[in-house]
Amino acid sequence: MNIVEIINKKRKKQILTREEIAYAVNGYVEGTIKDYQMSSLLMAICLNGMIEEEVFSLTDIMYHSGESLDLSSISGIKVDKHSTGGVGDKTTLILGPLVASTGVKIAKMSGRGLGHTGGTIDKLESIPGFQTAMSLEVFVDQVNDINFALVGQMGNLVPADKKIYALRDVTGTVESIPLIASSIMSKKLASGADKIVIDVKVGEGALAKSLEEARTLANLMVKIGKNAKREVICVLSNMDEPLGTHIGNALEVEEAIQFLKGNYEKDVYELVMTLGTLMVQMGLQVSEEEAKRLLKQNLDTGKGYQKLEEFVSRQGGNLEKIEKGPKIFSVKSIKSGYINKIHTLELGEIVRAIGAGRYQKEDIIDYGVGIVLSKKVGDFVLKDEELLKIYVHEKDMEIGRILDCFEIGVHYEEPTPLIYEIIK
Ligand code: URA
């Protein structure tokens, strides 16, 4: 077998056999297939797609490229949550502690930022001292003790995705349904959870741009779960505007803290309650009403916030020491009207450009930079009123590029719903 033949086959829109996919993926992990060859194959997959059988093979080969976590020493049902990635999506930072505070066991492995979307591990590393790496023994002990632990991709778990994910981030090969489905599901299967809730983002700021693409992705992941005897539920949610108000690593941690202290944006609340209810139902085997009641109670009594503090300090972090900025500029509207659209992908790219994300695998993130929206879609803004605050380090900002992200009109337009549908 030969990698050039495999690349050519996919370039010609042909179906790859399981053996060919294994040859490419395993060769890349071992280093016999080079970055430029894998990039080329990934681009061919991006452009020409894969049929279901190819995606099942790709997922299985990635899943078995390394070790799997054995979580059997954690009692009870282990529930995991994943997001396909968006702009300002800090739900894991909220849901992890909140759901764990109801008694559900969450042993979670998360990723770094990908393309214009942020990653939970980068966000958590904006908390000084926070450790995202630990041994399996410590990880299991922490879940047994406090119901929740969150780590980066561990040791030799799905090394194929670890390498391919980093390569996709810097080669324009992120937005591909087969690559997203296999990346997410290989990690979810290897990280050992019994039940998995996946937030499939749809819209301009998401990897799936249309509802149809999101449905295909969700159905694929549910089927991969069924084949592996794991229950997977996908929630299709809107990413036509950033989630909540804060975008950027430390800023999103700040919004998560505020949420758990009871100050929340409507959209974040709706998403947290939808995903959280499913997680609690799955984990505690209770009714929808009981799951909602538990979540509301733990939010109102501050139990969710206490769990966040416990989790952060257990992993070595200090919430008091989070740094933002250091420079803050206010960006004002140049006209009055209703905000009908926020170009979310572009706003995500701006936040990446000021240092919150990467362009090369080795890039170092500037944790304190980002944007805090003062207005959301559907709001009215006056000329010279603040649209957002931008937190930067030293880089110059093109204010015109930021203003172009906002479509402001004289007529009010009904915003699109936040939750589209749930696929089981
Ligand atoms: N999240 C992942 O883990 N992988 C992807 O490809 C996209 C989102």
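Hydrogens, waters and symmetry mates play no part in the numbers below; they use all other heavy atoms, side chains included.
Under the 3.5 Å distance criterion, with hydrogens and angles disregarded, a donor-acceptor pair is assigned to the side chains of T92 and K81. For the residue pair T416 / N238, a side-chain donor-acceptor distance below 3.5 Å is found, with atom types taken as modelled. Neither side chain, T245 nor E265, offers a donor N or O lying under 3.5 Å from an acceptor on the other. Checked by atom type, the side-chain pair Y359/D169 shows no donor-acceptor distance below 3.5 Å. D199 and S237 form a side-chain donor-acceptor contact under 3.5 Å, judged by distance and modelled atom types alone.
Relative to the six-membered ring of F148, K307 misses at least one condition, a distance below 6.0 Å or an angle of at most 45° to the axis.
Salt bridge annotation for R293-E290: present, with a cationic side-chain nitrogen under 4.0 angstrom from a carboxylate oxygen. Remark: E413 does not engage K341 in a salt bridge, criterion side-chain N to carboxylate O under 4.0 Å. A salt bridge links R401 and E346; the closest N-O separation between the charged side-chain nitrogens and carboxylate oxygens is under 4.0 Å. Electrostatic pairing of K292 and E288 counts as a salt bridge here, judged by a charged N lying under 4.0 Å from a carboxylate O. Remark: R112 engages D122 in a salt bridge, criterion side-chain N to carboxylate O under 4.0 Å. A salt bridge is defined here as a Lys NZ or Arg NE, NH1 or NH2 lying under 4.0 Å from an Asp or Glu carboxylate O, and R215 with E212 fails to meet this definition.
None of L347, D240, I342 except one satisfies the side chain to side chain contact (heavy atoms under 4.5 Å, CB included) rule with E204; the exception is D240. Screening K10, K9, K13 for a salt bridge (Lys or Arg N to Asp or Glu O under 4.0 Å) with E54, the sole residue that qualifies is K10.
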Exercise. Take I77 and M282, measure what side chain to side chain contact (heavy atoms under 4.5 Å, CB included) needs, and give me the verdict at the end.
Key: CA-CA 8 Å; I77 299 171; M282 283 171 146; 5.6 Å; no
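F130 pairs by the ring pair (Phe, Tyr, Trp, His ring centres under 6.0 Å) definition with F311, not counting sequence neighbours.
Rounding to the nearest 0.5 Å gives a distance of 8.5 Å between NE2 of H343 and CG of D404.
The aromatic rings of Y269 and Y264 sit parallel to each other, their planes meeting at less than 30°, with 60° as the upper class boundary.
Residues P97 and G304 approach most closely at CB-O, 3.6 Å, considering heavy atoms.
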